[in-house]
Amino acid sequence: MTDFVEKGSSCDAEGSVIQSVSVAGLKVMMGHRQVEQAALFYEFSLEKHIPADHLLRSVDRFVDLGEIRRDLAPFYSSIGRPSIDPELMIRMLLIGYCFGIRSERRLCDEVHLNLAYRWFCRLGLDGTVPDHSTFSKNRHGRFRESDLFRRVFESVLRRCIRERLVGGDGFAVDASLIKADATRQKGIEGDKGLPPEVFGRAIDEYLAVLDDAAFGAATEVTPKFVSPSDPAARWTGAHGGQAFFAYSTNYLVDVENAIIVDVEATTAIRQAEVLAAKRMIEGSLERFDLYPSRLLGDSGYGSAEMLGWLGHEHGIEPHVTVFDKSARTDGTFSRHDFTFDHAGDVYRCPDGKVLTTTGALVNDGATMLYVASKRDCDRCALKSRCCPKQASRKVPRSIYEGARDMARQIANSWEGRTSRRLRKKIEMLFAHLKRILKLDRLRLRGPNGARDEFTLAATAQNLRKLAKLIPMQTLKPA
């Protein structure tokens, strides 16, 4: 059956044309869409349009910048054009790092368009968002010498302490590699040094940290390649794949609630990371009176000197995997096959013979040699398994070996097994940093740029942790 459609037109009382369509005998009237006249006044409140469960609403409770504003008073000028309010800049940066917005241009656009971002930045509906170039100049220039981002981080940490989220009993330390903003293909050989024509802020910062043990003075080994755009970044192949230029972000974490107690930027080598761990532990004691009873760490922090520093100098239990390469692979006896007699200060070999020491320090100035008698070794039936190529057996012992023995005992205990599980919390923070906050590659160059990025990211992680652990109070209906 074929539908019969008729079309026609007519006029209403005001002369407007109304289309009429007949479909299968049904007449349908089609008129113009009536558009309501725009209102002269609107009542709009940002506060009412931000969801109660929005992350920024929860984070805003813990951002107090009043004290920081007073500290930055000397950086304001009484002449010239009004500059960017440092509080606005900080709040915009916190948004960027909390939500993984890495581009400053995109951040300015997002703050301009997003109502929640405007509310958090105290801009209202008609507040002016700074241009991205002006924002960048202020971020990298005017407040660089004020250590502004470190103060923001410490203010958030103090709030965590007041909220009793930092127990101060057990700390964990670790470092993670973050790619630098440097192209690996443009690296130059380290032996040749930097070309004399290169210049820039990253070059000046590199020259300023040549004597810093966390960067240039961390090792005397010349890197294979150097980046002319960011020479402080270290060439590393630690991940096992393609080598790249990188910095290390170092975290000191309270394992009770995974709160970041301190953060440091260093060059990407283990010596610098160990130094950063010492600085962070001493800094937490001096600035916040946090004195951990135990420190959790992997074998990178398990050298004899580091374990002695923890146990003997600071009384901190080393829940750290011992770094030990004394095991031999040629089939001869290793050091652990010899028994140490603490009372007599001697070693006993598997055959029961005594190895003594003169007490003289050798090698690195922190090692003593225990030597067996040549006569005992000549007559020993186990010489072929002990010292087949030497006249007598020698066993080195670090002056910090007592701390190493303590760390081994802890590792074999129930507490040590628990610590190894808790240590995963700091690894989860690094995974969150790279996957959620998108900080798998730096956007800023130079040691100061790495330091600022790492500090802001750690601040954002602590703020998100506060928002998660301390829920907002909701009003119950009467």
Side-chain angles (χ1 to χ4, degrees), residues 170-171 173 270-271 274-275 277-278 281 292-420 423:
F171 284 177
V173 64
R270 179 56 67 178
Q271 297 94 315
V274 172
L275 174 66
K278 294 181 179 180
I281 292 172
S293 61
R294 55 196 171 98
L295 181 74
L296 288 60
D298 58 25
S299 60
Y301 306 91
S303 65
E305 189 274 336
M306 180 63 179
L307 295 174
W309 184 87
L310 289 171
H312 297 161
E313 297 186 27
H314 291 79
I316 301 174
E317 287 187 1
H319 290 236
V320 179
T321 304
V322 177
F323 181 77
D324 190 355
K325 287 190 174 181
S326 62
R328 294 189 174 187
T329 59
D330 58 358
T332 59
F333 293 133
S334 301
R335 185 170 56 192
H336 63 79
D337 294 314
F338 293 75
T339 305
F340 185 70
D341 182 358
H342 289 272
D345 190 22
V346 295
Y347 271 104
R348 294 190 180 276
C349 73
D351 195 43
K353 301 299 188 297
V354 175
L355 287 76
T356 60
T357 180
T358 61
L361 298 179
V362 297
N363 297 339
D364 54 358
T367 303
M368 293 185 294
L369 279 181
Y370 289 77
V371 184
S373 168
K374 182 178 181 302
R375 182 173 53 186
D376 290 339
C377 290
D378 288 340
R379 297 182 299 182
C380 183
L382 300 177
K383 180 176 174 58
S384 60
R385 296 182 55 194
C386 185
C387 53
K389 298 180 181 181
Q390 298 175 345
S392 61
R393 180 59 188 260
K394 300 177 182 179
V395 175
R397 180 178 175 84
S398 171
I399 60 175
Y400 305 109
E401 196 65 29
R404 287 158 61 93
D405 291 339
M406 179 191 300
R408 293 187 184 99
Q409 292 175 2
I410 293 174
N412 294 327
S413 65
W414 176 84
E415 291 82 0
R417 292 190 291 271
T418 302
S419 295
R420 284 193 290 273
R423 207 168 65 198

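Count residues from 1 along the sequence. Just the heavy atoms: all of them, side chains too, but no hydrogens, waters or symmetry mates, feed the values below. For clarity, every value in this text was computed on a predicted model and none was experimentally measured.
In this structure, CG on Asp298 lies 12.5 Å from CZ on Arg420, to the nearest 0.5 angstrom. Considering OG of Ser419 and CD of Glu317, their distance stands at 8.5 Å, rounded to 0.5 Å. Note: Asp405 CG to His342 NE2 = 5.5 Å, rounded to the nearest 0.5 Å. Distance OH/Tyr370 to OH/Tyr347: 7.0 Å, rounded to 0.5 Å. The structure places OG1 of Thr356 at 11.0 Å from CG of Leu369, a figure rounded to the nearest 0.5 Å. In this structure, CG on Leu355 lies 11.0 Å from OG1 on Thr339, to the nearest 0.5 angstrom.
Closest of all the heavy-atom pairs between Tyr400 and Ala304 is CB-O, 3.1 Å. Between Asp345 and Phe340, the shortest heavy-atom distance links the atoms OD1-CZ, 3.4 Å. Closest non-hydrogen pair, Asp337 versus Pro350, comes out as O-CG, 3.8 Å. Pairing each heavy atom of Leu295 with each of Ile316, the nearest pair is N-CG2, 3.6 Å. The shortest non-hydrogen separation linking Leu307 to Gly302 is CD1-O, 3.5 Å.
Side-chain contact between Leu310 and Ile281: present, with at least one pair of heavy atoms (C-beta onward) separated by less than 4.5 Å. The shortest distance between side-chain heavy atoms of Met406 and Pro318 falls below 4.5 Å. Put simply, the side chain of Val362 does not reach to within 4.5 Å of the side chain of Met368, judged on heavy atoms.
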Next item on the list: Before giving the answer on side-chain contact (heavy atoms from CB on, under 4.5 Å), spell out for Thr367 and Arg397 the whole-Å C-alpha distance, their side-chain angles and the decisive distance to 0.1 Å.
Entry: CA-CA 6 Å; Thr367 303; Arg397 180 178 175 84; 5.9 Å; no
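By the side-chain contact (heavy atoms from CB on, under 4.5 Å) test, Ser299 pairs with Thr321, sequence neighbours left out.
Geometrically, Arg270 engages Tyr301 in a cation-pi contact, judged by NZ or CZ lying under 6.0 Å from the ring centre and within 45° of the ring axis.
In this structure, the side chain of Arg423 does not engage the main chain of Val320 through any donor-acceptor pair within 3.5 Å. A donor-acceptor distance shorter than 3.5 angstrom exists from the side chain of His314 to the backbone of Trp309, with no hydrogens or angles considered.
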Check: residues 322-335 side-chain donor-acceptor pairs under 3.5 Å, at least two apart:
{"residue": "Asp324", "atom": "OD1", "partner": "Ser326", "partner atom": "N", "Å": "2.9"}
{"residue": "Asp324", "atom": "OD1", "partner": "Ser326", "partner atom": "OG", "Å": "2.8"}
{"residue": "Asp324", "atom": "OD1", "partner": "Arg335", "partner atom": "NH2", "Å": "3.4"}
{"residue": "Asp324", "atom": "OD1", "partner": "Arg404", "partner atom": "NH2", "Å": "3.4"}
{"residue": "Asp324", "atom": "OD2", "partner": "Ser326", "partner atom": "OG", "Å": "3.3"}
{"residue": "Asp324", "atom": "OD2", "partner": "Arg408", "partner atom": "NH2", "Å": "3.0"}
{"residue": "Arg328", "atom": "NH1", "partner": "Thr332", "partner atom": "OG1", "Å": "3.2"}
{"residue": "Asp330", "atom": "OD1", "partner": "Thr332", "partner atom": "N", "Å": "3.1"}
{"residue": "Asp330", "atom": "OD1", "partner": "Thr332", "partner atom": "OG1", "Å": "2.6"}
{"residue": "Asp330", "atom": "OD2", "partner": "Thr332", "partner atom": "OG1", "Å": "3.4"}
{"residue": "Ser334", "atom": "OG", "partner": "Arg328", "partner atom": "N", "Å": "2.8"}
{"residue": "Arg335", "atom": "NH1", "partner": "Pro396", "partner atom": "O", "Å": "3.0"}

Could you list the donor-acceptor pairs under 3.5 angstrom formed between side-chain atoms of residues 377-384 and any protein atom two or more places apart in sequence or on another chain?
{"residue": "Asp378", "atom": "OD2", "partner": "Lys374", "partner atom": "NZ", "Å": "2.9"}
{"residue": "Lys383", "atom": "NZ", "partner": "Cys387", "partner atom": "O", "Å": "3.2"}
{"residue": "Lys383", "atom": "NZ", "partner": "Gln390", "partner atom": "O", "Å": "2.7"}

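At most 12 heavy atoms of other shown residues, nucleotides or ligands fall within 6.0 angstrom of atom NZ in Lys394.
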